[in-house]
There are 2 protein chains.
Amino acid sequence: MEKSRKFAVVLSGCGVFDGSEIHEAVMTLYAIVKNGGSYDIFAPDIRQHHVIDHFKHQESNEIRNVLAESARIARGKTKPLSQFDAGKYDGLIFPGGMGAVKNLSDFAFKKSNCSVNKDVEHAINEMVRMKKPIGACCIAPVIIARVLGNVKVTVGNDMSTAKALEEMGATHQITSFGQVAVDERLKIVTTSAYMLDADIAQIACGIENVITGMMQMMD
Amino acid sequence: MEKSRKFAVVLSGCGVFDGSEIHEAVMTLYAIVKNGGSYDIFAPDIRQHHVIDHFKHQESNEIRNVLAESARIARGKTKPLSQFDAGKYDGLIFPGGMGAVKNLSDFAFKKSNCSVNKDVEHAINEMVRMKKPIGACCIAPVIIARVLGNVKVTVGNDMSTAKALEEMGATHQITSFGQVAVDERLKIVTTSAYMLDADIAQIACGIENVITGMMQMMD
């Protein structure tokens, strides 16, 4: 019997325009469990950059917390990312959504001059130090690039984001539906998900390929 | 080639404690697309009964709208349920979550004396009149029972809810992980989902069985 693999999933809120992309987050959890793994969900205990009314497609004047909103996807079971201990996990993964570039980092506003939330940066560096794999979907690979610099990732075929990735020292690999980019040296597995005009079955396929790719890299 | 089947998915917010259960909602969309169908997402344009902080597990004093929050799961593409036209769909489905019994109905507070949102009731009655299938997951079958009365449904093995269902004129079928109850006469397919202490792969299985069961009932 294979060893059960434990993943830490880092969310950034709940909703594609101001938090985690919900389909990507749920498909990440599903792919982990379907392939025999288990997960804990983490999020930083910080205020969201802003709140977007997803029906009206406009900013509202509400204030929401990233950890509390992420807990919606987690069915109430989230931990503050400040409590993350890399020693307890076999893999770390970041689903996408604008929360990755508005809450976990400020890439949405500062592009290649962005900075990354300190707890997120620490989690990534600790996993790399322990030679454990990290996955990222959709726009979240920009966070990996900002922290690690010289790393190979994909965001699909968006050339504007690819350019920003290269300005941060990363190499961008063009990919299509369901495909992943693998950086063997740093154990980084990424997929475009909804960076392409994909449907939910296509993003599920790419995300499962990230999870199984990460599992192959685990000791 | 099989005819593509179009589903209307009715959401009730975004989060298990005050809206749609997110895993169930996303797995419903996934099962539809994976099996060759397509979907539109609807929700009533009403104020949520209340807002629960899903991390602290306590009520907050925020005000949120069911349609706007449902749009988070829909990636911005939702329609007010008042615009639902049964003639345009092959099937209607209700994922679970407390929103089904706090926003789409008041079953959470009034049990077998509950009432159902008028647009929800209209949508169900129209589908039955046109002999088209309806699916419901988790706690949402109570809505079907309240509207249709003499109907066979399942909520798993929760005997308190089963008693309330029978008080409303329905027949409850005990089911386990992944199983569905089928009312052939009214074309109603239900599954327990997170009414049991299930994992995400188990609820995905039951929900896919609802979708494929509904597809078999379509003309």
Side-chain angles (χ1 to χ4, degrees), chain A residues 13-39 41 43 45 51-58 60 62-80 97-98 194 198-205 207, chain B residues 13-39 41 43 45 51-58 60 62-80 97-98 194 198-205 207:
Chain A
C14 180
V16 57
F17 302 135
D18 58 17
S20 280
E21 204 299 305
I22 292 172
H23 301 191
E24 292 173 4
V26 172
M27 285 305 166
T28 298
L29 306 181
Y30 178 55
I32 291 168
V33 173
K34 186 180 166 193
N35 287 284
S38 63
Y39 59 80
I41 295 176
D45 186 6
V51 177
I52 302 285
D53 181 315
H54 280 54
F55 180 68
K56 294 179 179 166
H57 297 259
Q58 63 191 34
S60 86
E62 291 170 81
I63 293 171
R64 297 189 185 182
N65 176 283
V66 174
L67 179 59
E69 297 309 313
S70 299
R72 294 179 172 272
I73 297 173
R75 298 170 46 76
K77 292 183 186 162
T78 37
K79 298 178 185 184
M98 292 302 285
Y194 281 128
D199 69 30
I200 189 169
Q202 289 167 326
I203 70 111
C205 171
I207 290 168
Chain B
C14 180
V16 58
F17 302 136
D18 58 16
S20 280
E21 205 298 305
I22 293 173
H23 301 192
E24 292 173 4
V26 172
M27 285 304 166
T28 298
L29 307 182
Y30 178 56
I32 292 168
V33 173
K34 186 179 165 192
N35 287 284
S38 63
Y39 59 80
I41 296 176
D45 185 7
V51 177
I52 302 283
D53 181 315
H54 280 54
F55 180 69
K56 293 180 179 166
H57 297 260
Q58 64 191 33
S60 86
E62 291 169 80
I63 292 170
R64 297 190 185 182
N65 176 283
V66 173
L67 179 59
E69 297 309 312
S70 298
R72 294 178 172 273
I73 297 173
R75 298 171 44 76
K77 292 183 187 164
T78 37
K79 298 178 186 185
M98 293 302 282
Y194 281 127
D199 69 32
I200 189 169
Q202 289 167 326
I203 71 111
C205 172
I207 290 168

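Computed from a prediction, not measured in an experiment: that's the story for all the values here. All chains are named by letter (A, B, ...) in the order of the sequence lines, taking the proteins before the strands, and each is independently numbered beginning at 1.
The candidate with the highest count of non-hydrogen atom pairs below 4.5 Å against chain A, out of L29(B), L67(B), I63(B), is L67(B). Heavy-atom pairs under 4.5 Å with chain B were tallied for K34(A), Q202(A), R64(A); the largest tally goes to R64(A). Options N65(A), V33(A), I52(A) differ in how many heavy-atom pairs under 4.5 Å they form with chain B, and the most are formed by V33(A). With chain A as the partner, the residue from M27(B), E62(B), K77(B) showing the most heavy-atom pairs under 4.5 Å is M27(B).
Checking each of D53(A), V16(A), D18(A) against R72(B) for a side chain to side chain contact (heavy atoms under 4.5 Å, CB included) leaves exactly one that passes, namely D18(A).
In this structure, H54(B) contributes its side chain and S70(A) its backbone to no donor-acceptor pair below 3.5 Å.
Looking at I32(A), neither its backbone nor its side chain comes within 4.5 Å of chain B, counting heavy atoms on both sides. For D45(A), no part lies under 4.5 angstrom from a heavy atom of chain B. Looking at I203(A), there are no atoms closer than 4.5 Å to chain B (heavy atoms on both sides), in backbone or side chain. Interface remark: E69(A) contributes side-chain atoms only to the contact with chain B (heavy atom separation under 4.5 Å).
Taking OH of Y30(B) as the reference point, atom CG of D199(A) lies at 10.0 Å (rounded to 0.5 Å).
Annotation for H23(A) and I73(B): closest pair NE2-O, 2.7 Å, computed over non-hydrogen atoms. Between R75(B) and F17(A), the shortest heavy-atom distance links the atoms O-CZ, 4.0 Å.
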